[in-house]
Amino acid sequence: MTPPAQRALLERIARSAMLAHGLSPDWPPEMAAELAHLADPPRDGLRDLRDLPWSSIDNADSRDLDQVEVCLTDGGRTRLLIGLADVAGMVTRGSALDEHARLNTTSVYTPVRVFPMLPEVLSTDRTSLNLDQDRPAIVVDLTVDDSGAPTAWDVYPARLCNRARLSYGAVSAWLEGSAPLPASALGAALETQLRLQDRIATALRARSHEEGALEFARTEIKPTLVGESVVDLQTEGPNRARDMIESFMVAANGATARFLSAHGFASIRRVVRSPSRWGRIVDLAGAHGGRLPAEPDSKALAAFLRGERQSHPDTFGDLSLSVIKLLGGGEYVAEGPSGSSADAHFALAVSNYTHSTAPNRRYPDLITQRLVKAAMANEPSPYTLSDLTTLAEHCTAQEDAATKVERLVRKAASALWLSSRVGDEFAAVVTGASAKGTWVRLAGPPIEGKLERGYEGLDVGDAVRVKLVHVDPERGFIDFVAVAGPAARSSGASH
């Protein structure tokens, strides 16, 4: 395939995959007329917080800015304020905008194109917390003690203004001492803010880890297209700034769930159930010299992972991926007003957790925002528990569909990049093993593919050396066979 055809091929694959999985890559025709007459939400009666030094930290290329943050010291208290874009104020239930968002339930991010849940005139402009723009927002206001425990919380509508648009990479490099303070209109005040935010996030993470939250080294391939060709596969992983914002979002999501329960509202919760393949996680820990109890225990697993990260940082990424695969995916469930369900988020070690911080790009967050706004206004819930049950099931299914599309297009791009390396050998780790087949991920770059031969006796987490034998970009196929010789890193298992 000639390089000029690569971009067009990837977009064709993305569109075809979306349609095959019940997602729409196109806007409904009636949406244009609706957008033309869409009015901004009223801003009267909102708490005015525009003078605070709000900032956003996101990917460098992100344009749909859902949240901003600011930390305050107030009479000996430390407060964390998270401002969330008021999307529900412009996207009303039952509108053409809402119907498209409800169909897809999420933005779909592919290397060649983003298929946003909401039109860009909203998600990257009118409902985005863009730099130097006066915006309505929902604020989650948390008081946090030195141990990282929230001692008070509130949720209220406000007006705010983003004063510094920052990226994960730039903030993390500054926090680590390898780059200067990012430039912004806040000047020296930004340093004070980021130091305080980093301190609060460190305390929040420490407390969550004590309670059993799991810590992983997540990496993801990001294919780079220049012109019409796939020219590189970059690897994106965690960094200090990304961890900081993730801690803030977890705190905001937990506070939002408690807020809805306190107001007697049913809601949609995000859960990761107790892992069905706990036995394999126990075996994997044993192969690494660890010991876990026979029954699922997030605190024990968290302690084991922390120890491995410290003692074997070079191979922790492979172990992380193996455990993530064995834990299984998250899902949405409807929760009654009491908030007393036994369902919990195993990986975060919390039982009251919703998705609320990305209303421009996730439909469950938009639903949650409508619930929050009704609760704040002392109005009845806009959704029954039956409504939320149906929506939760639909959002889980569509999220899975979107993930399949994104994975397929990444694999197609990776297959294009790997097409000249058929016959090469690589160190790899097994990431999936079932009746459907055995999959491996290369040590570098972390590309996943199917193991066509030599998979007998292998299980998730096993190290193996493989040879690339076939690629099919059109179908996203990357095929390997196991080869003789020692693996790049022995897992202690017998192959």
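Sequential numbering from 1 along the given sequence is applied to the chain's residues.
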Determine whether [X] and [Y] make a side-chain contact, defined as any pair of heavy atoms from C-beta on separated by less than 4.5 Å.
X      : Y      : answer
Leu391 : Tyr363 : yes
Arg102 : Ile367 : no
Gln6   : Val112 : no
Leu458 : Val440 : no
Arg407 : Lys404 : yes
Val171 : Gln197 : no
Leu319 : Val429 : no
Met117 : Thr105 : no

Just do the side-chain contact (heavy atoms from CB on, under 4.5 Å) check on Thr78 and Arg199 with the steps written out, would you? CA-CA 10 Å; Thr78 301; Arg199 179 172 67 80; 3.8 Å; yes

Please evaluate residues Phe115 and Thr110 with respect to the criterion side-chain contact (heavy atoms from CB on, under 4.5 Å), reporting the C-alpha separation (whole Å), side-chain torsions for both, the decisive distance (0.1 Å), and the verdict. CA-CA 8 Å; Phe115 297 87; Thr110 76; 4.3 Å; yes

Within this structure, what is the [atom1]-[atom2] distance for the pair [X] and [Y], rounded to the nearest 0.5 Å?
X      : Y      : atom1 : atom2 : value
Asp283 : Asp459 : CG    : CG    : 8.0 Å
Tyr168 : Glu246 : OH    : CD    : 8.5 Å
Ile138 : Thr256 : CD1   : OG1   : 9.5 Å
Thr403 : Gln398 : OG1   : CD    : 11.0 Å
Ser229 : Leu10  : OG    : CG    : 10.0 Å
Asp66  : Arg361 : CG    : CZ    : 5.0 Å

Go through the structure and list residues passing side chain to side chain contact (heavy atoms under 4.5 Å, CB included) with [X], not counting sequence neighbours.
X      : result
Glu393 : Thr389
Thr192 : none
Val282 : Trp278, Leu292

Show your working on side-chain contact (heavy atoms from CB on, under 4.5 Å) between Val250 and Tyr353 and close with a plain yes or no. CA-CA 8 Å; Val250 170; Tyr353 189 77; 3.9 Å; yes

CG of Asp61: more than 12 outside heavy atoms within 6.0 angstrom?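 For Asp61, atom CG is crowded (more than 12 foreign heavy atoms under 6.0 Å).
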
Has the side chain of [X] got a donor or acceptor atom that lies under 3.5 Å from a matching backbone atom of [Y]?
X      : Y      : result
Ser123 : Asp64  : no
Thr368 : His355 : yes
Gln369 : Val87  : yes
Asp365 : Thr357 : yes
Thr354 : Ser356 : no
Asn239 : Arg242 : yes
Glu308 : Phe316 : no

Which atom names give the shortest non-hydrogen contact between [X] and [Y], and what distance separates them?
X      : Y      : result
Leu371 : Ala266 : CD1-O, 3.6 Å
Leu142 : Ala255 : CD2-CB, 3.7 Å
Asn360 : Ser107 : O-OG, 4.3 Å
Lys436 : Lys450 : O-NZ, 3.7 Å
Ala302 : Leu214 : N-CD2, 3.6 Å
Leu118 : Pro359 : CD1-O, 4.3 Å

Sequence neighbours left out, what passes ring-ring contact (aromatic ring centres under 6.0 Å, His included) with [X]? Give chain and number order.
X      : result
His394 : none
Phe304 : none
Phe248 : none

Run the side-chain hydrogen bond (donor to acceptor under 3.5 Å, both in side chains) test against Asp243 and tell me which residues pass, sequence neighbours left out.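 Asp243 satisfies side-chain hydrogen bond (donor to acceptor under 3.5 Å, both in side chains) with no other residue.
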
Can you list the residues that meet the side-chain hydrogen bond (donor to acceptor under 3.5 Å, both in side chains) rule with Thr431, with sequence neighbours excluded?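 Applying side-chain hydrogen bond (donor to acceptor under 3.5 Å, both in side chains) to Thr431 gives Glu448.
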
By salt bridge (charged side-chain N to carboxylate O under 4.0 Å, His left out) - contacts of Glu11 (at least two apart):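 Expected list: Arg113.
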
Applying salt bridge (charged side-chain N to carboxylate O under 4.0 Å, His left out), name anything that partners Arg240, two or more places apart in sequence or on another chain.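 Glu176, Asp198.
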
Ring of Phe426, cation from Arg465 - is the NZ or CZ under 6.0 Å from the centre and inside 45° of the axis?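 Judged by the rule (NZ or CZ under 6.0 Å from the ring centre, within 45° of its axis), Arg465 is not positioned above Phe426.
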
Test side-chain contact (heavy atoms from CB on, under 4.5 Å) on Val70 and Gln193; report intermediate values, then the result. CA-CA 7 Å; Val70 67; Gln193 262 302 301; 3.6 Å; yes

Less than 4.0 Å between a side-chain N and a carboxylate O, is that true for [Y] and [X]?
X      : Y      : value
Glu474 : Arg12  : yes
Arg280 : Asp462 : yes
Arg306 : Glu215 : no

Side chain to side chain donor-acceptor pair (under 3.5 Å): which pairs involve residues 437-447, sequence neighbours left out?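 Listed by first then second residue: Thr219-Arg441, Asp318-Arg441.
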
Atom pairs and distances, side-chain donor-acceptor, residues 411-422, under 3.5 Å, sequence neighbours left out:
{"from": "Ser414", "atom 1": "OG", "to": "Arg410", "atom 2": "O", "distance (Å)": "2.9"}
{"from": "Ser419", "atom 1": "OG", "to": "Leu416", "atom 2": "O", "distance (Å)": "2.8"}
{"from": "Arg421", "atom 1": "NE", "to": "Asp424", "atom 2": "OD2", "distance (Å)": "3.0"}

Donor-acceptor side-chain pairing of Asp387 and Thr384 below 3.5 angstrom: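 Judged by distance alone, the side chains do pair up.
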
